[in-house]
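Positions are given from 1, in the same order as the sequence printed here.
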Amino acid sequence: MKTTLPAVLLILALNVQAQRSTLADPQTLAFLQRFRQDYASALTTGEPAKIAQHFADSIRLMPEFQLTVWTKANATHYYRDFLQRFRVTQFNSDVMEVMDLGRMVVEFGTFTEILQQAGNGKTDTLQGKYANIWQRSPQQPLRLTAQAWNYSHPVQIAEQLVFRDVPAVNMAFRAHVNVNDPLSFELAAYNGLQEKVVTEHDPVRWNQFYSDDFLFFYSNHPAYKGRAAITAFLDDHVKHLPVFEKLDIRTDRIEDLDGFVIEYASHTAIVRHGDWSGVATGKNIYIWRREKNGILKICRGVAMYDAGL
């Protein structure tokens, strides 16, 4: 069968997209290192303004337990209330990966923080994972456009990590992107299949959404990296899932980045287990990568519940 020139060019373009480097340059890495130092210093000295100076105006915070916090003003409010409720006696972070995706730079890592409650002096040590997404612009330095984090273990003080005076939104109940172009259609189709796979507790098909080098930050678990780790996680995870009466996964923002796609999504789950039933919502960020064969695979992901389960 004869292959036409346009078809050859398309195949080559897909290969280039899948293989292009995501390594950050030394200047970007140095900037991120300075931010990590400033961030730790701001937390331990109780100075939220030092963090807020790096925020984009439209930043979204996606913490575990807390609903999504939009805008620089509200994100600053969140950190101010956090540092009034807790004294951070120690904060350390370790970078796992930095992905330079052109308009966006994404950093994944782990952290340990020791919190002392202002009211009673009780101390708690929390360990977790984070994803910071930076926006690049020719007119200004990198600006933090999203922060997401969860914890690597059950958290006893989950209720105290909810700040009800901070304006926040449940993205599962908000408007989502219209399915009006090939990429939004593709993601909607994947999410529709994912709903079916999860509700059927099917780890084999679930596993096929992910790349062989998938890095996953899931609540109450350590970071998982690679096919073997994800397979073992899913095989065990489905054994503990409740019955899903309804699962709705939808996308509210898509960043198309030349071979990579950042998807901001949420879910609503109506579940039951024995005599118990409930409704839960959550949020996540997935980075999809266009593989050599043109198929989208999730290569990085972080997921957070909106409340403790």
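- Side-chain contact, D124 with Q117: a donor N or O sits under 3.5 Å from an acceptor N or O.
- No more than 12 heavy atoms of other residues, nucleotides or ligands lie within 6.0 Å of CG in D57, so this atom counts as exposed by the packing criterion.
- Distance CZ/F65 to CZ/F163: 11.5 Å, rounded to 0.5 Å.
- Annotation: side chain of R205 is in contact with side chain of L193 (closest heavy-atom distance under 4.5 Å).
- With hydrogens and angles ignored, the 3.5 Å screen pairs no side-chain donor or acceptor of E113 with any backbone N or O of N92.
- Remark: I51 CD1 to D38 CG distance equals 9.5 Å, nearest 0.5 Å.
- For the 3.5 Å distance criterion, the side chains of E291 and S211 fail to qualify, holding no donor opposite an acceptor.
- Listed by chain and residue number, R300 satisfy the side-chain hydrogen bond (donor to acceptor under 3.5 Å, both in side chains) test with E97 (two or more places apart in sequence, or in another chain).
- Aromatic pair F31/W134: centroids less than 6.0 angstrom apart.
- Using a 4.5 Å heavy-atom threshold, the side chains of F173 and T281 count as touching.
- Checked for salt-bridge contact, K283 and D306 meet the test: a charged N lies under 4.0 Å from a carboxylate O.
- In this structure, CE on M171 lies 6.0 Å from OG1 on T68, to the nearest 0.5 angstrom.
- Ring centroids of F216 and Y224 are separated by 6.0 Å or more, keeping the two rings apart.
- Atom CZ in R87 sits 12.5 Å away from atom CG in L43 (nearest 0.5 Å).
- Separating the CD atom in E47 from the OG1 atom in T44 is a distance of 8.5 Å, to the nearest 0.5 Å.
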### Message
Run the side-chain contact (heavy atoms from CB on, under 4.5 Å) test on S219 and E64 for me, step by step, so that the C-alpha distance in whole Å, both residues' side-chain angles and the decisive distance to 0.1 Å come before the verdict.
### Response
CA-CA 8 Å; S219 302; E64 186 82 275; 2.5 Å; yes

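- Put simply, OH on Y286 and SG on C299 are 12.0 Å apart, with the number rounded to the nearest 0.5 Å.
- With N74 contributing its side chain and W70 its backbone, the two residues share a donor-acceptor pair below 3.5 Å.
- V105 places none of its side-chain heavy atoms less than 4.5 Å from the side chain of L101.
- In this structure, R136 and M104 have side chains that are not in contact, with every pair of non-hydrogen atoms separated by 4.5 Å or more.
- No side-chain donor-acceptor contact under 3.5 Å links T22 and D100.
- Within the 4.5 Å cutoff, the side chain of Y190 has heavy atoms near those of the F209 side chain.
- Looking at R253, its side chain never comes within 3.5 Å of a backbone N or O of I262 through a donor-acceptor pair.
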Check: residues 237-249 side-chain donor-acceptor pairs under 3.5 Å, at least two apart:
| unit_1 | atom_1 | unit_2 | atom_2 | d |
| --- | --- | --- | --- | --- |
| H240 | NE2 | D236 | OD1 | 3.4 |
| E245 | OE2 | R272 | NE | 3.1 |
| D248 | OD2 | R250 | NE | 3.4 |

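- Remark: the backbone N or O of I230 is not paired with any side-chain donor or acceptor of K225 at under 3.5 angstrom.
- When hydrophobic residues (I, L, V, M, F, W, Y) are linked wherever their side-chain heavy atoms come within less than 4.5 Å, L23 remains an isolated member.
- With hydrogens and angles disregarded, a donor-acceptor distance shorter than 3.5 Å links the side chain of H153 to the backbone of Q127.
- The backbone N or O of E195 sits less than 3.5 Å from a side-chain atom of T199, completing a donor-acceptor pair.
- A salt bridge links D252 to R60: at least one charged side-chain nitrogen sits closer than 4.0 Å to a carboxylate oxygen.
- At least one donor-acceptor pair closer than 3.5 Å links the side chain of Q53 to the backbone N or O of K50.
- Listed for the T76 side chain is a donor-acceptor partner under 3.5 Å among the backbone atoms of K72.
- In this structure, F86 has its ring center under 6.0 Å from that of F82.
- Aromatic rings of F91 and Y39 (six-membered ring for Trp) have centroids within the 6.0 Å cut-off, being under it.
- Within a 6.0 Å sphere centred on CZ of R103, heavy atoms belonging to other residues, nucleotides or ligands number more than 12.
- Under a 3.5 Å cut-off, the side chain of R36 and the backbone N or O of D94 do not form any donor-acceptor pair.
- In this structure a side-chain-to-backbone donor-acceptor pair under 3.5 Å is present from N170 to A172.
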### Residue pair Y264, E255: steps toward the side chain to side chain donor-acceptor pair (under 3.5 Å) verdict
CA-CA 9 Å; Y264 295 83; E255 296 284 355; 5.9 Å; no

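- Between M304 and N284 the shortest heavy-atom distance is CE-CA, 4.4 Å.
- A salt bridge links D213 and R289; the closest N-O separation between the charged side-chain nitrogens and carboxylate oxygens is under 4.0 Å.
- For T251 and E263, the side-chain atoms include at least one donor-acceptor pair closer than 3.5 Å.
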